[in-house]
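Worksheet: one structure, shown below.
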Amino acid sequence: MLTVTHYTILSAILFAIGALTFLIRRNPLIMFMGIELMLNAVNLAFVAFARFLNNMEGQVFVFIVLTVAAAEVAVGLALVVAIFRARDNVDVDEIDALKG
Amino acid sequence: MPFTIPEINLVPLLPALIPAVTAMLIMLADALLPGKSKRWLAAVALLGLAVSAYFTFTLYGTDQSAFNNSIVANNFSIGICLVVIAGAFITVLLSIDFLNARNLDFGEYLALLLGAVSGMTLMALANDLIVIFLGLELLSLPLYVLSAFWRTNDLSLEAGMKYFLLGAFSSAFFLYGIALVYGATGTTNLELIRSAVDGTSNMLFVAGIGLLLVGFGFKVGLVPFQWWIPDVYEGAPTPITGFMSVATKAAAFAAFFRVFMIAVPLTAFDWQTIMALLAVVTMTVGNIAALVQTNIKRMLAYSAIANAGYILVALVVNNAEGLSAALFYLAAYTVMNLAAFGAVIALGQGDRERLTMSELSGAAQQKPWAAAALAIALLSLAGFPPFAGFVAKFFVFGAAVNAGYVWLAVIGVLNSLVAVYYYLGPIVRMYMQPPAEGWQQTPARTPALLAFAVVVVVLLTIGFGLFPSELSQFAQAAVK
């Protein structure tokens with residue numbers, strides 16, 4: 001029998017994988033995929049809690065999160081393209097002019 | 001399952017709606033107008049901000065709520081909205097000649113700026129975690145683009161990229177916090193969360209609040225979530241840096257204060273001690289790192305971190321006096337920090353800026369008025385009387401002492417003393433050293449609008465310091 005605890009733990013694991021992807025990988029596109037995984041972990045948690053609490057709000061929030069994630073993708077990809085045009089390389093370790 | 005349609009009352013949402021509508025009008029006009037006349041879009045933006053300031057002001061004292069209590073226009077949120085709108089107004093004035101000199105597009109810039117204003121006011125009005133999240137994203141997405149707006153400048157692109165990646169990362173934490181709080185309490189409304197928690201501690205709830213703290217800490221720039229601030233503030237176009245440092249801070253702190261003061265009972269999670277420690281670490285790290293900076297934008301970024309620490313002291317106090325002190329501090333910080341960034345823009349020439357300490361040398365001989373404005377802004381930030389910064393610090397630390405946090409006030413005052421050293425650095429350079437190489441030629445006149453905006457914020461910096469009672473009465477009435 002699957003309970004809400006299982007879903008919560010699964011979403012925590014997905015969230016941690018996403019966060020580790022962000023921290024370990026150096027390509028902004030892959031880092032961004034990590035962020036998307038984190039957001040989807042949140043969606044899973046929302047849906048599981050909504051089912052457990054018998055409360056529709058959580059499922060509505062998922063739509064809000066999806067919309068925001070789509071807007072974030074649009075901005076993020078535009079920034080990656082702008083950087084790629086300017087320097088033909090998007091490795092975040094080489095984007096290091098600002099420091100101190 | 002019964003589902004009641006909430007009553008639709010758009011009036012409390014006007015501070016967020018009017019900037020959003022103005023942004024859309026500007027985007028539309030941008031597509032229709034011929035190239036040369038686009039600078040008139042700035043007048044549209046200023047008009048939109050003035051109208052929204054007027055309607056925001058009419059909401060003062062009415063204490064309305066809307067959308068099933070997820071938007072609350074009480075006097076504190078109205079005060080924060082006014083600070084944000086006033087900051088945006090000054091920023092538009094500071095931007096016009098900056099954009100002209102660099103040949104940047106007006107329409108997109110102003111539309112994005114107003115979009116960010118809409119998100120900030122929404123965040124200040126929000127009484128529900130999901131609405132706070134929407135406001136947070138609505139303010140962050142335009143700011144990512146605005147940071148990278150000077151597309152031919154590598155530093156600006158880099159700032160946008162770093163801000164975007166770290167901002168999206170922190171939003172995910174914030175959102176996961178909302179999900180856990182929702183799982184623990186079954187609601188996202190701040191007042192309902194408080195009654196659902198009812199003083200009992202719960203692992204899920206505490207974990208959720210911890211993640212929310214990470215998200216807020218990132219946005220307002222608390223140590224250890226501050227690493228993005230210096231890079232983004234240095235790389236972003238200077239008017240945007242000024243706008244981010246004051247308006248984002250005001251909006252994020254408004255939501256931060258509201259979430260913790262309303263939704264999180266101390267019996268469920270003793271956040272006062274954690275906040276006190278964060279405040280001490282934040283102001284100390286910010287001030288010490290600022291000591292060794294050679295770029296004035298970077299120095300002001302570390303100063304912004306230190307100031308976040310001072311404002312957090314008001315949250316530790318956790319009463320009406322602290323809240324009104326925070327409102328006063330945010331208003332004063334807005335005028336003096338915009339004065340500093342405006343003066344930095346005014347000291348520049350064409351598309352060049354005097355940013356490093358060596359470039360600032362001798363600036364007072366060539367641009368005496370702009371140098372004087374920067375000197376006044378920095379003295380105010382350092383907390384010298386009779387400027388706004390002194391009164392603001394006095395109220396925050398006074399509230400801490402009255403609430404029994406004498407040790408916190410003492411650490412804050414010691415920190416302010418350390419800060420005097422780096423705030424005085426640029427002033428000494430400007431007034432006591434010969435002009436820097438490459439900057440000896442006679443400078444062009446400062447453009448009129450830019451000069452006007454700087455004069456206004458400098459006068460407000462002095463005015464808030466000499467006559468603080470009007471503003472402080474407003475701030476005290478706002479939290480009754």
Side-chain angles (χ1 to χ4, degrees), chain A residues 4-5 7-8 11-12 15 18-19 22-23 28 31-32 34-50 52-58 60-62 64-65 67-69 71-76 78-80 82-87 90 92 94-100, chain B residues 1 3 129-131 133-134 136-138 140-142 144-145 147-148 151-169 171-180 182-189 204 207 211 230-235 289 292-295 298 302:
Chain A
V4 69
T5 319
Y7 286 105
T8 315
S11 94
F15 190 85
F22 179 89
L23 294 172
M31 290 167 80
F32 196 59
I35 293 172
E36 289 293 307
L37 191 60
M38 292 162 81
L39 291 179
N40 282 315
V42 174
N43 285 342
L44 179 66
F46 267 131
V47 173
F49 288 135
F52 169 67
L53 298 163
N54 206 7
N55 173 328
M56 287 299 281
E57 280 178 33
V60 178
F61 297 155
V62 172
I64 296 177
V65 175
T67 319
V68 168
E72 242 170 23
V73 172
V75 171
L79 280 172
V80 171
I83 291 223
F84 190 73
R85 274 197 192 146
R87 55 205 306 166
V90 288
V92 288
E94 290 177 27
I95 305 177
D96 60 353
L98 294 168
K99 56 191 158 196
Chain B
M1 194 179 304
F3 182 77
L129 289 176
I130 284 291
V131 181
F133 173 70
L134 282 182
L136 183 75
E137 287 297 307
L138 191 53
S140 299
L141 291 176
Y144 300 149
V145 183
S147 303
R151 261 186 308 181
T152 48
N153 181 312
D154 270 359
L155 297 185
S156 176
L157 276 179
E158 178 177 338
M161 188 75 196
K162 284 184 171 166
Y163 192 19
F164 168 73
L165 281 173
L166 295 170
F169 188 58
S171 300
F173 277 93
F174 190 79
L175 200 56
Y176 201 53
I178 296 177
L180 295 187
Y182 170 71
T185 61
T187 177
T188 52
N189 184 289
L204 208 54
L211 289 168
D231 286 358
V232 174
Y233 280 25
E234 184 186 342
V292 296
Q293 297 307 319
T294 54
N295 180 308
R298 221 176 164 79
Y302 282 107

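In what follows, chains are A, B, ... by sequence order, proteins preceding strands, each numbered from 1.
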So, the part of B:Thr294 with a heavy atom under 4.5 Å from chain A: the answer is neither

Bottom line for A:Ser11: the part with an atom under 4.5 Å from chain B's heavy atoms is both

Honestly, the part of A:Ile64 sitting under 4.5 Å from a heavy atom of chain B is side chain

Okay, A:Ala50 and chain B: the region with an atom under 4.5 Å from a heavy atom over there is both

Greatest number of non-hydrogen atom pairs under 4.5 angstrom with chain A, of B:Thr188, B:Val145, B:Leu134, falls to B:Thr188

Okay, A:Ala48 and chain B: the region with an atom under 4.5 Å from a heavy atom over there is neither

So, the part of B:Leu175 with a heavy atom under 4.5 Å from chain A: the answer is both

The interface call for A:Phe15 against chain B, heavy-atom contacts under 4.5 Å, is side chain

Applying ring pair (Phe, Tyr, Trp, His ring centres under 6.0 Å) to B:Phe169 and not counting sequence neighbours gives A:Phe22, B:Phe173

Output for pair (B:Leu157 CG, B:Arg151 CZ), nearest 0.5 Å, gives 8.5 Å

One should read off an interatomic distance between B:Leu166 CG and B:Phe164 CZ, to the nearest 0.5 angstrom, of 10.5 Å

In this structure, OG1 of B:Thr187 is separated from CG of A:Asn55 (nearest 0.5 Å) by 7.5 Å

Angle class for the A:Phe46/A:Phe61 ring planes (parallel below 30°, perpendicular above 60°, tilted otherwise)? perpendicular

Is there side-chain contact between A:Val47 and A:Tyr7, with heavy atoms separated by less than 4.5 Å? no

Practice prompt. Would you mind reporting whether A:Glu57 and B:Ile130 have side-chain heavy atoms less than 4.5 Å apart?
Written response: no

If one checks every heavy atom of B:Glu158 against chain A at 4.5 Å, the contacting part turns out to be both

- Query: Side chains of A:Thr8 and A:Phe49: does their closest heavy-atom pair fall under 4.5 Å?
  - Reply: yes

Just by modelled atom types, is the A:Gly76 backbone N or O under 3.5 Å from a matching donor or acceptor in the B:Tyr144 side chain?
no

Whatever's closer than 4.5 Å to a heavy atom in chain B on A:Ala19 counts as both

Applying a strict 4.5 Å limit to non-hydrogen atoms, the region of B:Ala289 in contact with chain A is neither

Bottom line for B:Leu180: the part with an atom under 4.5 Å from chain A's heavy atoms is both

Answer key: most heavy-atom pairs under 4.5 Å with chain B among A:Ala86, A:Ala74, A:Gly58 is A:Gly58

Residue from B:Ala168, B:Ser171, B:Ala148 scoring the most non-hydrogen pairs under 4.5 Å with chain A is B:Ala168

Whatever's closer than 4.5 Å to a heavy atom in chain B on A:Leu23 counts as side chain

May I have the step-by-step check of side-chain contact (heavy atoms from CB on, under 4.5 Å) for B:Tyr182 and B:Leu129, ending in yes or no? CA-CA 9 Å; B:Tyr182 170 71; B:Leu129 289 176; over 6 Å; no

Pair count under 4.5 Å, heavy atoms only, with chain B: among A:Met38, A:Glu72, A:Arg85, highest is A:Glu72

